Structure formats: structure tokens, C-alpha cells
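Data first, discussion second: the structure below is written as C-alpha cells.
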Amino acid sequence: MSAITMSIEDFVKQLDELAQSATVAFAAAQDPAQLDEARVEFLGAKNGQLKSVQKNMGAVPGPNRKEAGLKLNAVKNSIQTAFESAQARLLGDTGSEARDPTFDATLPGTHFHVGRLHPITQTINELKDIMGRLGFTPAEGPEIEDDYHNFEALNIPRAHPARDPLENFYLSVAQSQAEHDATFSENPLLLRSQTSTVQIRVMEKTQPPVRIVSLGRVYRPDTADWSHYPMFHQIEGLMVDEHVTLADLKTVLKLFASNYLGDAVPVRIRPSFFPFTEPSVEADYFWDGKWVEFGGAGIVDPNVLRSVGYDPEKVSGFAFGLGIERLCMIRHQITDIRYLFTNDVRFLHQF
Ligand code: PHE
């Protein structure tokens, strides 16, 4: 037991001076090694300065001990805080190297895999954009459709092969011919086989002039191969106004193809047949040295205009329906439609 006593004032003074010089030393450290030296000097468990001042606590007179202890703790904390902030400063300055001496800043970093839109979605957005610039407003329709909008209103007669149960995904299966006929008269539901349904849905609700574009999924029970898939996407365009002709259709298709492919693309039309257009055409565009099938189109059949309450004597229109996969594939030189729907990231990452 030391015979020498130390007043509480002296003890506090010693601690304050210690806190002062430790803080200065930590702040002055230029690198982790210097900081560590200062740490050993002030906070070292054996010969650190804090330890030796602490030893003097025994010399403080008994009644002042508690005060001395509290002061000691406060100073210990403030020195520790000063050390930690110096440490944070140095680690921040020198990056991970200070934290981990084995860190090699020249090694390739960790890549963040940023998500992206599916190539079909990208194509849809772009096509919508192009048609938007031509004045066509986007419109949507349900994927679960009824017989009326998928066929009847589009002038597709009962006996037409396009309505065959084997050509469509009907949502109810008839067990007999009688049941089949009954269901048919009840306007059965099916997954829409074409986006032309949206023509009807829009015209039912809008008076001419109409200028819409609809992009979405359609379903047909086709066996999947490089160019077929039971689900695919179509872009449907419809323009109804006074004096709309095939010339307007051809101009729009030409501008559309040229915008999408980024070059002046010639477009040709060939005679064809669809129940809901008269005349009907197949359109092709010339790309990469050959004529490529664009899709079906034509002048909206007067029967269709009548079914939505338009007067075919006053207005006329054109409509077209194109396969979106085909457009996407030609742009990106994709050779098999199935790549688009198997969700292989090695494929999807390329877009
Ligand atoms: N709906 C037709 C199809 O799926 C394409 C088409 C649309 C034809 C509009 C004419 C007019 O094949």
C-alpha cells in the first residue's frame, strides 16, 4: 500500500492531460501502424499510460474514490472514442487494404447483375413508341376472351376452321356434339387467338376517328418448333376515319418497318383473305436481300363496322396484325422462338 496520497484534484488533472494527449496522438496518426503505436502507448494493457494513471487511484483519499472512479471511466471512454474515430478515418482513407492486408485492388471486382427487361418486352415498348409517334394510342383487351369478340363480331362464320376446338384453347371441353353446340350458343370463353379482338372492344366504346395499337399475348395450340409456340405476341393496328384506304395502310406499315429496322424499308402487299377485312392482304418488307413476311392486314370489312354500330357508308378503316416474336427475332438474329420462353439467363443476359 502506497503511503503517498494524491488529491482528487491532481488525479483529475492527470486524467484530463492524458485524455488530451491521447486524442492529439490518435488524431496525428498518419497510417494504421502509427495509430497502433499510439494505441499501445495510451491504452496498452500492460504499460499503457491510462494503466499507470489508474494505479494512482489507490492514492486518492477514500471519500474521493468514487468520484475518481467515475472520472476514470469517463476518460477511458473518451480515449476509446478518439481511437475509434481515428481508426474509422484511416480505414476510410485507405479503403479495404487497411482492413485486409490480403486485399488486391487489381483483381476483377464483384459484378452486380442488374435486371433487365425481357427482349419481347423491349420490342413491345419500342413498337408502341413507334406507333405512338404515328398517332396510334395503345389499347388493351383481355387474354381470356369470348367467342363473340374473338370470332363472331369479326365476321368469322360458325363453320370457319379458325373456330375449330382443335385450333383454339377453349376454356370448357364439350363431351358431346350436343353439348358442344349448346356451349357455342352460350358464347364460350377461350384464350384469345388473335389481338383483332381489341379492334371490336375499342370500336364498341369509341366513335370514329379511331387510331389505336394493341400489343399482347395470343394463344394457339401449335406444336412448338423454331418458329411456332403455343403462346406468342401480336401487334394490332386499327385506324378508322373518313376515306381511309389501302394507301394509308401501306404508308403506315412502311414507316413502321423503316422506323423499327432503322433504314428505308420497302413494303409490298399480296392478296389474301381474312373474314374481317375486305380486301385482305399479306404484307412483306424487304430486308437483308429478301422479302420477309410481316403479317396480315386489310380494309376493315363493312360487316365488322356494322357489328360495332359504325356506318360503313361514312367511315372506312384499315387493320393489321403482326407477329412480335418475328420482329424481335429478325432484329436480334434469334434463330429459334423457343429461346424467348425458356428463361435461360445465358440467353436473356444478351439483351
Ligand atoms: N388477326 C389476323 C391473324 O392473327 C391478322 C390480321 C389482323 C389480319 C388485322 C387482318 C387485319 O392472323
Side-chain angles (χ1 to χ4, degrees), residues 124 127 131 134 136 138-143 145-157 160-164 167-169 190-204 210-222 227-241 244-254 256-257 267-285 292-308 310 312 315-327 337:
I124 285 176
L127 301 182
M131 291 304 292
L134 297 175
F136 288 75
E140 295 216 24
E143 286 176 29
E145 252 309 352
D146 54 28
D147 180 76
Y148 178 77
H149 291 90
N150 202 88
F151 301 120
E152 194 73 32
L154 284 163
N155 200 36
I156 303 176
H160 196 279
R163 291 170 83 145
D164 195 292
E167 298 293 329
N168 295 283
F169 289 109
L190 74 163
L191 298 180
R192 69 178 178 193
S193 63
Q194 51 184 356
T195 43
S196 301
T197 53
V198 185
Q199 294 183 32
I200 304 300
R201 292 203 170 269
V202 167
M203 290 190 287
E204 279 174 340
V210 168
R211 222 192 279 191
I212 57 103
V213 68
S214 186
L215 304 93
R217 290 189 193 101
V218 298
Y219 304 82
R220 293 176 194 177
D222 291 330
S227 66
H228 293 86
Y229 208 76
M231 182 277 302
F232 60 100
H233 298 73
Q234 286 189 329
I235 169 172
E236 187 90 12
L238 172 70
M239 176 170 172
V240 183
D241 205 341
V244 173
T245 69
L246 272 186
D248 299 309
L249 167 70
K250 209 174 159 218
T251 303
V252 167
L253 288 178
K254 200 170 140 73
F256 178 72
V267 163
R268 73 174 183 189
I269 52 177
R270 293 176 282 123
S272 183
F273 176 77
F274 298 100
F276 38 92
T277 45
E278 183 58 36
S280 301
V281 300
E282 287 291 335
D284 306 320
Y285 57 90
V292 184
E293 210 179 304
F294 213 174
I299 294 298
V300 180
D301 194 289
N303 282 345
V304 173
L305 296 178
R306 263 182 231 115
S307 78
V308 296
Y310 286 7
V315 291
S316 58
F318 70 70
F320 62 82
L322 319 172
I324 295 179
E325 278 75 5
R326 224 186 276 162
L327 290 167
I337 192 173

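In listed order, ligands and their atoms are each counted from 1. Because only heavy atoms are used, hydrogens play no part in the values below, and waters and symmetry mates are left out as well, while side chains stay in. None of the values given here were measured: they were computed from a predicted structure.
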- Any F276 heavy atom less than 4.0 Å from ligand 1: yes
- Take every heavy atom of G295, measure it against each atom of ligand 1, and state whether any distance is under 4.0 Å. no
- Message: Please tell me whether N155 and S307 have a donor and an acceptor in their side chains that are separated by less than 3.5 angstrom.
- Response: no
- If we ignore angles and hydrogens, is there a donor and acceptor under 3.5 Å between the side chains of E236 and Q199? yes
- Could you please spell out the steps behind the side chain to side chain contact (heavy atoms under 4.5 Å, CB included) verdict for F256 and I235? CA-CA 12 Å; F256 178 72; I235 169 172; 3.8 Å; yes
- Please state which protein non-hydrogen atom is closest to atom 9 (C) of ligand 1 and give its distance, to 0.1 Å? E236 OE2, 3.3 Å
- Between N168 and L191, is there a donor-acceptor pair closer than 3.5 Å when you use the side chain of the first and the backbone of the second? no
- Query: What's the shortest distance from atom 7 (C) of ligand 1 to any protein heavy atom, and which residue and atom give it?
  - Reply: G321 N, 3.2 Å
- Has ligand 1 got any nitrogen or oxygen that is less than 3.5 angstrom from a nitrogen or oxygen of T277? no
- ligand 1 versus R192, non-hydrogen atoms closer than 4.0 Å: side chain, backbone, both, neither? neither
- Task: Compare all side-chain heavy atoms of R192 with those of V198 and state whether any distance is below 4.5 angstrom.
- Result: yes
- Item | Nitrogen or oxygen of S193 less than 3.5 angstrom from that of ligand 1 | no
- Message: For the CG atom of D301 and the OG1 atom of T277, what is their distance to the nearest 0.5 Å?
- Response: 7.5 Å
